[in-house]
Structures are given as C-alpha cells and as structure tokens.
Undergrad: 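The structure follows.
Chain identifiers are assigned alphabetically (A, B, ...) following the order of the sequence lines, protein sequences preceding nucleic acid strands; residue numbering begins at 1 within each chain.
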Protein chains: 4
Amino acid sequence: MHSGSLFCHFKSKEALLYEVMQKGMRSALARQTIVLRGKHDSAATLRQLIRLHFETLLESNSDFMWAVLYESRALNTRQLRLIEELQGNYEAAWTPVLHELASTGCLRAEVPLARHLIFGSLNWSLQWFDAKNGASLDDLTDAMVALVMHDTSR
Amino acid sequence: MHSGSLFCHFKSKEALLYEVMQKGMRSALARQTIVLRGKHDSAATLRQLIRLHFETLLESNSDFMWAVLYESRALNTRQLRLIEELQGNYEAAWTPVLHELASTGCLRAEVPLARHLIFGSLNWSLQWFDAKNGASLDDLTDAMVALVMHDTSR
Amino acid sequence: MHSGSLFCHFKSKEALLYEVMQKGMRSALARQTIVLRGKHDSAATLRQLIRLHFETLLESNSDFMWAVLYESRALNTRQLRLIEELQGNYEAAWTPVLHELASTGCLRAEVPLARHLIFGSLNWSLQWFDAKNGASLDDLTDAMVALVMHDTSR
Amino acid sequence: MHSGSLFCHFKSKEALLYEVMQKGMRSALARQTIVLRGKHDSAATLRQLIRLHFETLLESNSDFMWAVLYESRALNTRQLRLIEELQGNYEAAWTPVLHELASTGCLRAEVPLARHLIFGSLNWSLQWFDAKNGASLDDLTDAMVALVMHDTSR
DNA sequence: TATGAATGAGAGTTCATTCAT
DNA sequence: AATGAATGAACTCTCATTCAT
C-alpha cells in the first residue's frame with residue numbers, strides 16, 4: 001500500500017485504528033455472547049470462555065487485540081471511552097461465571113482480583129505465543145484451566 | 001530537564017533506555033537471588049517470588065519494568081539480546097520452584113506454560129493496578145497464591 | 001461532480017482555471033466594448049463602465065473574477081501572460097474616458113494612478129459586498145460616482 | 001530556514017500567521033491612534049490616515065498586511081474573530097473623520113460605502129504598487145486625496 | 001464519458017540529536 | 001556540564017492526477 005491510499009478509506013490513521021479496534025471488539029463480544037447463551041455448567045463455560053479468548057487474541061485474523069491492548073493511547077478521549085466500555089462489557093461477562101465457581105470452591109481467589117489475574121495470563125500470551133512451534137490453543141486452554149480451577153471431587 | 005541535557009550523560013535516548021532497563025533488571029535479579037538463597041519450602045518461596053515481582057513491577061521506583069515489558073522494540077539487536085537474557089535468567093529461576101510444586105500436586109499445569117501464564121498474571125498488573133485505591137501488594141499476592149496454588153491437605 | 005470526472009473535460013485543474021478565467025475575461029471585454037460603442041458623454045460612460053464592472057464582479061455568474069483577481073498565481077507563465085493581457089486591455093479601455101474627464105476637471109488625479117485607485121475601489125467590493133443585505137449594485141455605482149466625480153457646474 | 005525550525009518558535013504554521021497578523025495590526029492601530037490624537041482639521045487628518053495606511057501596506061516591514069488581507073482563511077474561528085475585530089477597530093476610526101468631511105461637502109458619498117470604497121483603493125495598491133519604479137507613497141497619497149476630496153473653495 | 005480507488009509529490013509536524021554558547 | 005535554538009529524517013495528511021472498470 002502506498003502512503004496516501006489509507007486516506008481513501010479512513011479520515012485519519014486514528015480513525016482506522018478506532019475502526020479496527022471497535023469492529024474487532026464487537027465481533028469478540030458477539031462470539032462470547034453465543035458461548036454464554038449455551039447451557040453448560042460454569043466450569044465448562046469458563047473453559048469455553050478461555051478457549052475463545054485465546055482465539056480472539058492469537059488467531060491470524062486477530063491483530064485488533066494487539067491494538068486494543070497496546071495502542072489505545074493513540075485514540076482520542078471519546079474513542080478511548082467507547083473502546084474501554086466494550087472491553088468492560090467483555091470482561092464483565094466473566095464475573096457471574098467466576099462467582100459461581102468461587103461459590104463452589106473451584107476458584108480460590110476474590111473474584112474481582114481473580115478476573116484481573118486471569119485476563120493477565122491470557123492477554124500476556126500475545127507477548128510469547130508462537131503458533132509455528134510449541135503449544136496449540138488447546139494446550140494453552142488446558143494449562144490455564146489446570147492452573148486456576150481447583151479440584152473439589154475429593 | 002532540558003532538551004539537550006540528556007546527551008551530556010547518554011550517547012542517545014536508546015542508550016538511556018538500555019541503561020535503565022539493564023540496571024533495573026540486574027537489581028531485580030539480585031533481590032530475587034537473595035530470596036532464593038533463603039531456605040524455605042517451595043510454597044513459601046513462590047509466595048516470596050510473587051510478592052517481590054509485584055514490588056518490582058508496581059513500586060514507585062520501578063518504572064524500568066514498564067520499559068522492559070513494553071519498550072524493548074526501541075533497542076537495537078545487541079541490546080535487546082542482553083535484556084532478553086536478563087529477563088530469561090530472572091524467569092528461569094522460577095522453574096525449579098514450580099517443578100517442585102508441580103511434583104507435589106500444588107501446581108496443576110505443565111511447568112513451562114504455567115510459568116508463562118503466571119508471569120502474565122503478574123506483569124499484566126502494570127495495566128490495571130492503582131496504588132491509590134484498591135488492593136495492596138499483599139492483597140495481590142494473596143489472591144495470586146490462592147488462584148494457582150492447589151490444596152493438597154485432604 | 002466526482003473526483004475523476006474533471007479530467008474527462010480538462011487536461012488539468014490549471015487548464016480548467018485558465019479556461020474559466022479566459023472565457024470570463026473575454027465575455028467581460030465584449031460587454032464593455034458594447035458599452036463603449038454607445039455614444040455618450042464621458043461622465044455617463046464612466047458610470048456605465050463602473051456599473052458594468054460591479055456586475056462583472058458581483059453577479060451570481062461572475063465567480064471567474066475572483067479567480068482572475070486572486071488565483072492567477074496558480075497559472076503557468078504563458079497562461080498568466082494572456083490573462084494579464086486581457087486584463088490590461090480591459091483596464092486600458094478606461095483610460096480615454098478618464099483622460100477626457102480629467103481634462104474637464106471632473107477627475108482630479110493623474111490618470112494612471114487614478115485608474116489603479118478606481119479599480120481598487122471596485123475590485124475590493126468582492127471582499128465585503130453581500131448581495132443578501134445592504135446596498136444594491138445601483139447604490140454602489142452611485143456611491144462610486146459621487147466619490148470620484150467632481151462637480152464643475154459652479 | 002529548515003523544515004523543522006519554525007516549530008522551535010511557534011506551535012504551528014497557523015500560530016505563526018496569527019502572531020504576525022495580530023502584532024502587525026496592533027502596531028498599525030497604535031500608529032494610527034497617535035495620528036488621530038494630533039489636532040488637525042479633518043482634511044489634513046484624512047491625508048495623514050491615507051499616508052499612514054499606504055506605509056502600513058507597502059513599506060518593507062509590512063508583509064503582515066498581505067497576510068491580514070489575503071490569508072485570513074488559514075486562521076481558525078477564534079483567531080479570525082480577533083483579527084477581524086482589530087481590522088474593524090482600525091477602519092472604524094476613519095468614520096468620524098469621513099463624517100466631518102461629508103458634512104462640509106468635501107466627501108460626496110454616503111460614509112459607510114465611501115469607507116469601503118476608499119479602503120479598496122488603498123488596499124488594492126498591494127496588487128500593483130512597485131517601490132522600485134513609478135510613484136512614491138507621497139504620489140499615491142496626493143492622487144488619492146485629489147481623487148476623493150472635493151473642492152469647496154469656489 | 002464517468003467513476004472512485006489508488007498513487008505519489010509535497011506540505012505540515014514531531015522529535016531525537018547536534019551545536020554554539 | 002547545561003542550555004535551547006537549529007537541524008533533518010520520518011511520519012501524517014492533502015490533493016491533483018491516473019487508471020481499471
């Protein structure tokens with residue numbers, strides 16, 4: 001692409017960034033909503049949310065999450081507020097699931113902090129995950145579930 | 001500071017960044033080494049490592065970690081290699097502790113992935129932690145330990 | 001009009017500008033020539049020239065004069081020379097009329113300077129005249145004649 | 001001067017333009033105020049105002065007037081409003097002088113229109129005046145006074 | 001002939017760096 | 001060592017022009 005071509009389609013670089021982030025977040029929210037509509041026990045739901053979030057972060061068409069997580073400072077105040085609202089809604093949907101797991105002892109940390117810590121684990125994968133070699137998204141999901149889901153069977 | 005003064009002390013902005021990152025990482029490594037020298041069971045050691053890492057990330061004199069985690073792309077290849085080596089050493093020191101915890105069933109995920117996921121939880125706190133209100137570093141440490149350390153008493 | 005359509009009709013934006021300026025100036029010259037052909041005393045002729053020039057400047061189909069007066073720098077040398085020649089012819093036609101008025105004492109300034117000053121008064125109206133409210137072109141013409149035509153009746 | 005140097009001294013090209021226009025207009029207003037303070041008959045005052053305005057337009061350090069008259073569209077709304085206020089004050093100061101001359105029959109056109117037409121004559125000199133050859137500012141002043149000041153002695 | 005996405009030269013701006021003081 | 005004006009490479013953006021449809 002050449003220097004001026006961007007501006008046929010977007011008013012500014014900022015506008016492109018905003019569009020990408022916003023469209024991406026709406027799509028991620030929509031996919032997450034579908035998962036949450038399915039009737040499953042909360043442990044299965046958490047596994048699905050984790051798996052979906054890894055997809056949202058790491059699949060080839062998911063560059064927007066890098067922008068959402070690391071380029072927000074390039075937005076203006078109004079744009080930032082909307083993106084943060086979308087992120088807020090996305091993360092808020094995890095809270096009831098986490099509460100249910102906490103109530104049954106599967107999750108052993110205060111929910112608000114646990115949510116931050118869990119999203120940290122997931123989001124940080126953008127920094128080190130390499131699709132070419134090493135673990136698959138299923139491996140990651142298994143590891144994450146094993147890491148934070150406590151056993152209550154005994 | 002005035003615009004030209006930086007260059008009395010550093011060859012370039014890149015050199016300053018490198019100096020800050022390198023000094024910070026060496027100091028973090030030194031403090032971590034002291035913790036690891038103490039004789040404790042691995043559960044207590046992990047708690048101390050977590051607590052120390054939160055300090056390294058979040059205390060007022062710890063801006064260097066933000067640079068290490070988010071500004072590495074501004075370094076040249078040689079500098080980057082050394083910083084990554086220091087980070088590698090820092091994180092590698094956790095591996096034996098995690099292995100010991102895994103062997104006793106306290107840690108229920110494959111160690112290499114678990115380490116990445118745990119560092120993700122911790123490092124991500126830079127994005128949301130606010131010293132002014134909310135949790136303390138002790139709260140964070142408690143939550144993190146509760147989240148990933150499994151109960152083996154029963 | 002759409003962005004590419006202009007170039008079906010003109011080689012360049014400059015060519016369009018030149019066409020508009022040139023056509024407009026030729027038409028203005030033609031109308032002025034008709035006025036000058038009529039047999040009138042020089043005072044009446046000046047009034048007609050002034051009135052016609054206000055029309056040429058300010059009527060709705062007269063945007064070309066704005067281009068002639070303020071956009072000439074966008075032309076190339078050859079184009080500029082022709083437009084300036086047309087302007088020169090247009091203004092030169094006033095000289096005999098002004099000389100006759102000067103000879104009878106109706107005009108009290110050296111003709112070459114007077115011509116510049118008079119065209120200044122007229123041309124400047126493009127900057128402040130508002131057809132919607134305020135004076136009419138007749139009002140402007142009356143004011144201009146009253147301003148510069150001296151009384152010789154006494 | 002090189003491409004970036006401007007921005008050591010001004011926030012933007014717009015800010016430079018505004019500074020130049022504003023400083024220039026304030027200085028022109030100050031000089032005009034001094035002239036108006038002197039006690040003279042209105043004919044002499046008008047001559048002084050005309051002479052001073054030609055200086056303001058045409059002397060070597062007077063490029064700001066070109067900006068005020070032809071580059072205002074490059075300002076933002078707030079800046080434009082202040083510059084137009086300064087211009088308005090500058091031109092308003094002529095009104096009492098013109099009224100006095102109109103009342104004695106020296107000026108034979110309605111004052112508001114006469115003021116516009118007179119400023120047109122003067123301002124237009126920027127388009128054609130050449131200091132190197134031809135008339136002096138005194139010549140211009142004489143011509144302008146002769147053009148519009150009517151004789152009441154007879 | 002008309003369209004509108006793509007082009008690229010040029011303008012405006014930023015910022016790390018240099019340099020005279 | 002400290003200063004801050006000047007530099008120039010790189011970036012964002014505009015707009016006249018081209019071109020495939």
Undergrad: So, for D:Tyr90 and D:His53, is the gap between ring centers shorter than 6.0 Å?
TA: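 D:Tyr90 vs D:His53: aromatic centres under 6.0 Å.
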Undergrad: Side-chain N or O of C:His9 less than 4.0 angstrom from OP1 or OP2 on E:dA2?
TA: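 Yes, within the criterion.
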Undergrad: Consider the side chain of C:Cys8, meaning its heavy atoms from C-beta on, and name the nucleotide among E:dA2, E:dT17, F:dT17 that approaches it most closely.
TA: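 Among the listed nucleotides, the one closest to the side chain of C:Cys8 is E:dA2.
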Undergrad: Does the C:Gln79 side chain pair with the main chain of C:Asn76, one donor and one acceptor, at a distance under 3.5 Å?
TA: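 Present.
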Undergrad: NZ of C:Lys11 versus P of F:dC19: gap in Å, rounded?
TA: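 Roughly 14 Å, once rounded to whole Å.
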Undergrad: Are any of D:Ser5's side-chain N or O atoms less than 4.0 Å away from OP1 or OP2 of F:dT7?
TA: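 For D:Ser5, the contact criterion (side-chain N or O under 4.0 Å from OP1 or OP2 of F:dT7) is met.
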Undergrad: Answer whether the closest heavy-atom distance between the side chains of C:Leu82 and C:Glu85 falls below 4.5 Å.
TA: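 Yes. Closest side-chain heavy atoms under 4.5 Å.
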Undergrad: For residues A:Thr56 and A:Ser62, is any side-chain donor paired with an opposing acceptor at under 3.5 Å?
TA: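 Not at all, the side chains of A:Thr56 and A:Ser62 share no donor-acceptor pair under 3.5 Å.
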Undergrad: What is the distance, to the nearest angstrom, from the CG atom on B:Leu17 to the P atom on E:dA16?
TA: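 Whole-Å distance recorded here is 11 Å.
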Undergrad: Map A:Phe7 and C:Lys13 onto DNA chain F by nearest heavy atom, then report which one ends up closer to the 5' terminus.
TA: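 The answer here is A:Phe7.
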Undergrad: Rounded to the Å, how far apart are A:Leu16 CG and F:dC13 P?
TA: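 Result: 10 Å.
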Undergrad: Across all strands shown, which nucleotide pairs with E:dG8 by Watson-Crick or G-U wobble geometry, both distances under 3.5 Å?
TA: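 Pairing partner: F:dC15.
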Undergrad: Measure CG/C:Leu6 against C1'/E:dG4 and give the value in whole Å, please.
TA: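 For the pair C:Leu6 CG and E:dG4 C1', the rounded distance is 14 Å.
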Undergrad: Between E:dT17, F:dC13, F:dT17, spot the one nearest the side chain of A:Ser3, thanks.
TA: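 Closest of the options to the side chain of A:Ser3: F:dC13.
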Undergrad: With nearest nucleotides of DNA chain F determined for C:Glu14 and A:Gly4 from heavy-atom distances, which residue corresponds to the more 5′ nucleotide?
TA: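 Mapping each residue to its closest nucleotide by heavy atoms, the 5'-most match is A:Gly4.
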Undergrad: Tell me whether the OP1 or OP2 atom of E:dG8 has a side-chain N or O from A:His2 closer than 4.0 Å.
TA: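 Result: yes.
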Undergrad: In whole angstroms, how far is the P atom of E:dG12 from the OH atom of D:Tyr18?
TA: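 Going from OH in D:Tyr18 over to P in E:dG12 covers 20 Å.
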Undergrad: Tell me the partner of F:dA20, counting only Watson-Crick (N1-N3 plus N6-O4 or O6-N4) or G-U wobble (N1-O2 and O6-N3) with both under 3.5 Å; none if nothing fits.
TA: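 Per the H-bond distance test, E:dT3.
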Undergrad: Quick one: pull up CD in A:Glu55 and CE in A:Met65 and give me the separation to the nearest 0.5 Å.
TA: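 One gets 12.5 Å once the value is rounded to the nearest 0.5 Å.
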